[in-house]
Visitor: 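Okay, handing you the structure first.
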Amino acid sequence: MDYIQARELLSREGRLTPQEAVDLLNSWRMDADNYYFLLQTTGASVPLKQYICYADETGEYVFEKTEKCILSPAYALKFFEFESDSLTTAFLDTLDVLSYPAEEDTDITFYEWPYYNSEVAFHLSAETIIKILLNWHYVFDCDSDAFGMIYNTLYEKLSAAEECTDILAVNSFNLHDWGENNTLPVDIVAKHYHFANYSVSTGDNGGEDVYFRKCLIHYLYAYWQNLGEIVSAVLYERAKRCN
């Protein structure tokens, strides 16, 4: 399948079939030019926005468009619509391989996740959300998230799956209106606002702030995964002392 056939398939109204989705991913992995040529066609791509700095004067995190492009949200949605963790993982992994060649791994640049919108969020599972949060390349910019509705969708999915919701806050920037539109305990809302809007540094820090947050995400998630064993160990030691 060449890039012209891919464009026709993705531009077609209605959903892809599972086989069509797999064929598209295979064609991009077997010949990356099929993907890169597709991005050069009108409406098939969007520029990634790079994290620049925390602006102390406005209290906001600044993201700016780059020349690096990725598949457009409208086309990406066709892969998320399956709500299949295995297919979504294959799709996201394919984009990572194509967008960040191995030789660039030593120079990590942080970008706004380009699919942070209500249509995509609706189709994401907790497992996929965790995968995105653990990805070193992406963070969420909530600046255009009216009333925090997208953030709330992600939060509720993680909470329902009994996953760590704190890492969602740590991975999010410019979170403004979410707390006024839910009934969560005020301490939870305050913690999420703090994680999302507090900066450890100001000015053009070259990603220092985001790098710290990404490390914290991996730390908190590892802790959360091992929490049950930690609690069991503490209870066991208490029981030994009582005996």
Side-chain angles (χ1 to χ4, degrees), residues 51 53-63 80 83 85 88 110-136 138-202 208-239:
Y51 168 77
C53 66
Y54 175 79
D56 189 45
E57 63 277 10
T58 61
E60 294 184 347
Y61 290 89
V62 179
F63 294 81
F80 293 116
E83 298 186 2
D85 285 333
T88 298
F110 301 103
Y111 299 97
E112 168 195 355
W113 197 58
Y115 308 127
Y116 186 82
N117 61 57
S118 57
E119 291 84 3
V120 170
F122 176 80
H123 295 291
L124 299 181
S125 68
E127 179 180 329
T128 297
I129 296 168
I130 292 293
K131 178 180 176 62
I132 298 164
L133 296 176
L134 293 174
N135 188 306
W136 282 92
Y138 295 118
V139 297
F140 295 147
D141 182 10
C142 308
D143 189 55
S144 61
D145 185 6
F147 307 113
M149 299 304 293
I150 302 170
Y151 187 91
N152 199 58
T153 297
L154 301 178
Y155 177 91
E156 290 183 346
K157 290 191 175 191
L158 290 177
S159 181
E162 298 184 346
E163 292 285 2
C164 182
T165 58
D166 287 352
I167 61 175
L168 171 63
V170 177
N171 197 68
S172 301
F173 295 76
N174 299 318
L175 181 64
H176 304 306
D177 301 322
W178 170 69
E180 288 75 20
N181 295 282
N182 62 61
T183 57
L184 292 170
V186 67
D187 58 325
I188 293 179
V189 172
K191 179 171 62 175
H192 278 243
Y193 270 142
H194 181 79
F195 279 154
N197 298 309
Y198 179 77
S199 177
V200 298
S201 57
T202 60
E208 173 186 320
D209 205 21
V210 187
Y211 182 75
F212 170 80
R213 290 212 201 184
K214 280 297 185 180
C215 290
L216 181 58
I217 287 169
H218 284 259
Y219 175 86
L220 289 174
Y221 187 66
Y223 155 76
W224 187 265
Q225 292 297 100
N226 292 283
L227 182 58
E229 293 184 10
I230 296 170
V231 170
S232 295
V234 171
L235 292 175
Y236 176 73
E237 292 299 322
R238 286 182 176 178

Visitor: Can you check whether Cys142 reaches Tyr116 side chain to side chain, under 4.5 Å on heavy atoms?
Guide: yes

Visitor: Tell me the closest heavy-atom pair linking Leu158 and Ala126, and the distance in Å.
Guide: CD2-O, 4.0 Å

Visitor: Go through Thr153 and Ile150 one step at a time and tell me if the side-chain contact (heavy atoms from CB on, under 4.5 Å) criterion holds.
Guide: CA-CA 5 Å; Thr153 297; Ile150 302 170; 5.6 Å; no

Visitor: Between Val189 and Glu180, is any pair of side-chain heavy atoms under 4.5 Å apart?
Guide: no

Visitor: Looking at Asp166, Leu168, Ile130, Ile167, which one forms a side-chain contact (heavy atoms from CB on, under 4.5 Å) with Ile217?
Guide: Ile167

Visitor: Fit a plane to each ring of Phe63 and Phe173, take the angle between them on a 0 to 90° scale, and name the class: parallel (under 30°), tilted (30 to 60°) or perpendicular (over 60°).
Guide: perpendicular

Visitor: Give me the ring orientation class for Tyr198 and His194: parallel if the planes are under 30° apart, tilted from 30 to 60°, perpendicular past 60°.
Guide: parallel

Visitor: Is it true that the NZ or CZ of Arg213 lies under 6.0 Å from the centre of Tyr61's six-membered ring and within 45 degrees of the ring axis?
Guide: yes

Visitor: Step by step, would you call Tyr54 with Glu60 a side-chain contact (heavy atoms from CB on, under 4.5 Å)?
Guide: CA-CA 6 Å; Tyr54 175 79; Glu60 294 184 347; 6.0 Å; no

Visitor: Write down the atom of Glu127, the atom of Asp85, and the distance for their closest heavy-atom approach.
Guide: OE1-OD2, 3.2 Å

Visitor: For Ala121 versus Leu154, what's the shortest heavy-atom pair and its separation?
Guide: CB-CD2, 4.1 Å

Visitor: So, using salt bridge (Lys or Arg N to Asp or Glu O under 4.0 Å) as the criterion, who are the partners of Asp141 when residues are at least two apart?
Guide: none

Visitor: Check whether Lys157 reaches the backbone of Phe122 with its side chain - one donor and one acceptor, N or O, closer than 3.5 Å.
Guide: yes

Visitor: Check whether the side chains of Lys214 and Asn135 place a donor and an acceptor atom closer than 3.5 Å, and report yes or no.
Guide: no

Visitor: Return the OG to NZ distance between Ser125 and Lys131, rounded to the nearest 0.5 Å.
Guide: 11.0 Å

Visitor: When Phe140 is tested against each of Ile132, Leu175, Asp145, Asn174 for side-chain contact (heavy atoms from CB on, under 4.5 Å), which residue passes?
Guide: Ile132

Visitor: Under 30°, 30 to 60°, or over 60°: which ring-plane class applies to Tyr138 and Tyr111, parallel, tilted or perpendicular?
Guide: tilted

Visitor: Looking at SG of Cys164 and OH of Tyr223, how far apart are the two atoms once the value is rounded to the nearest 0.5 Å?
Guide: 8.5 Å

Visitor: How many angstroms lie between atom OG1 of Thr88 and atom CD1 of Ile129, to the nearest 0.5 angstrom?
Guide: 11.0 Å

Visitor: If you compare all heavy atoms of Leu124 against all heavy atoms of Thr128, which two are closest, and at what distance to 0.1 Å?
Guide: CD2-CG2, 3.8 Å

Visitor: Taking Tyr193 for its side chain and His176 for its backbone only, find out whether a donor-acceptor pair lies under 3.5 Å.
Guide: yes

Visitor: Can you label the angle between the Tyr211 ring and the Trp136 ring as parallel, tilted or perpendicular, going by 30° and 60°?
Guide: tilted

Visitor: Test side-chain contact (heavy atoms from CB on, under 4.5 Å) on Ile188 and Thr165; report intermediate values, then the result.
Guide: CA-CA 10 Å; Ile188 293 179; Thr165 58; 5.8 Å; no

Visitor: Give a yes or no answer on whether the side chain of Asn226 reaches the backbone of Ala222 with a donor-acceptor pair at less than 3.5 Å.
Guide: yes

Visitor: Please list, chain by chain and in numerical order, all residues satisfying ring-ring contact (aromatic ring centres under 6.0 Å, His included) with Tyr155, sequence neighbours excluded.
Guide: Trp178, His192

Visitor: Calculate, to the nearest 0.5 Å, the distance between atoms SG and CD belonging to Cys53 and Glu208 respectively.
Guide: 12.5 Å

